[in-house]
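Just follow the structure's listing: the first ligand is 1, and inside any ligand the first atom is 1. Hydrogens, waters and symmetry mates are skipped; everything else that's a heavy atom, side chains included, is used. Residue numbers run from 1 in the order of the sequence given.
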Amino acid sequence: MPQPILTIKKLTKIYGNNVIFRDIDLTVAEGDTIVIIGPSGTGKSTLLRCINLLTHPDGGEIWLDADEITAKGANEDLVRQHIGMVFQNFLLFNHLTALDNVKLGLTKVKHMNDKAAEAKAFEELKRVGLSDRAHHYPGQLSGGQQQRVAIARALAMDPRIMLFDEPTSALDPELIGEVLEVMRDLSKSGMTMLVVTHEMGFAREVADRIVFMEKGNIVEEGSPDDLFYRPKFERTREFLWKITELYGKKENADGPSAAEDTESNQPAAEENA
Ligand SMILES: Nc1ncnc2c1ncn2[C@@H]1O[C@H](COP(=O)(O)OP(=O)(O)O)[C@@H](O)[C@H]1O
Ligand SMILES: [Mg+2]
């Protein structure tokens with residue numbers, strides 16, 4: 001097996017006397033898209049924040065390729081260049097155009113010259129389908145477009161891995177699809193991704209593995225088919241039922257997925273037999 005891009009070993013995070021999670025292990029292989037699901041307050045955001053060094057774990061290790069990024073003296077700025085993060089609320093600078101939002105890290109962090117940074121930023125906007133919005137300010141863009149700018153900004157740093165924390169949760173329903181489409185393309189292009197989302201249609205189609213977290217534990221992980229059709233734990237089944245009921249409606253409006261087709265065809269075939 002090739003060396004994983006991301007290796008999390010016995011990671012522990014404690015706020016005050018509240019243990020958010022203890023001894024979490026997770027590995028992400030190159031090119032994989034891992035979707036993390038689980039109830040609110042379970043520690044999913046905290047886990048991503050630890051990986052991006054926005055908060056420091058209280059135990060355990062995080063390795064990016066062959067480097068321990070949680071080691072004392074690790075270069076946080078460098079680590080964040082390698083680990084792109086996309087937040088629920090975009091976090092764009094409102095006084096900067098889309099292009100300048102994407103350009104900023106290239107000039108300030110990567111010290112590219114203005115012309116090269118501009119060209120690169122424009123390429124990244126093109127990649128998320130926004131070359132015609134380069135000179136718009138966030139206030140002139142829809143939420144879906146703003147989130148795509150945020151994705152372009154993270155991609156501009158040429159990260160090894162992209163983290164997404166509920167990237168479509170703040171969006172009106174009609175704007176979710178355009179963001180998921182960009183993420184789907186990114187996944188198919190071979191980007192390594194760790195995605196916290198409730199979008200089960202996306203998870204089922206794109207995830208190599210789904211990780212179910214509850215109360216700070218990884219309850220189980222497996223392929224989408226394993227978790228949807230052969231969950232090991234009743235808790236996993238219950239959560240997936242609940243979440244599909246809540247978020248799965250519009251997904252069905254596009255017609256059932258191939259997997260659902262097979263499922264619904266099975267009983268009919270048996271009846272005919
Ligand atoms: N900065 C913080 N200080 C104290 N407690 C926090 C902080 N951030 C998160 N928590 C707590 O950690 C737990 C997990 O939160 P979070 O990682 O946001 O969960 P999720 O993303 O799964 O909804 C929650 O109980 C939350 O209140
Ligand atoms: Mg969260």
Heavy atom of the protein closest to atom 12 (O) of ligand 1 (residue, atom name, distance): I20 CD1, 3.1 Å

Quick check on contacts: which atoms of ligand 1 are under 4.0 angstrom from a heavy atom of P39? 22 (O)

Over 12 foreign heavy atoms within 6.0 Å of CZ, R22: no

Is there a protein heavy atom at a distance of less than 4.0 Å from atom 26 (C) of ligand 1? no

Identify which of Q88, K13, K44 has a heavy atom lying nearest to atom 22 (O) of ligand 1. K44

Looking only at protein heavy atoms, which one is nearest to atom 5 (N) of ligand 1, and what is the separation? Y15 CD1, 3.3 Å

So, 2.8 Å as the limit: is an N/O/S atom of S40 located closer than that to the Mg ion (ligand 2)? no

Under 6.0 Å from the NZ atom of K110, do we count more than 12 heavy atoms belonging to anything else shown? yes

For atom 16 (P) of ligand 1, what's the nearest protein heavy-atom neighbour? Residue, atom name and distance, please. T46 OG1, 3.6 Å

Do E68 and T70 have a side chain donor and acceptor closer than 3.5 Å? yes

So does M213 get a backbone contact from the side chain of K44, meaning a donor-acceptor N/O pair under 3.5 Å? no

Looking only at protein heavy atoms, which one is nearest to atom 18 (O) of ligand 1, and what is the separation? S45 CB, 3.7 Å

Examine G43 against ligand 1 and note whether any of their N/O atoms are separated by less than 3.5 Å. yes

Are a donor atom and an acceptor atom from the side chains of T12 and D58 found within less than 3.5 Å of each other? no

Any side-chain donor-acceptor pair under 3.5 Å between T42 and K215? no

Decide whether T236 and E220 meet the rule of one side-chain donor and one side-chain acceptor closer than 3.5 Å. yes

Treat each ILVMFWY residue as a node, draw an edge where side-chain heavy atoms are under 4.5 Å apart, and state whether L125 and M162 are in one component. yes

Nearest protein heavy atom with distance in Å, relative to atom 24 (C) of ligand 1: G41 O, 3.9 Å

Please list, in number order, the atoms of ligand 1 under 4.0 Å from a heavy atom of S40. 23 (O)

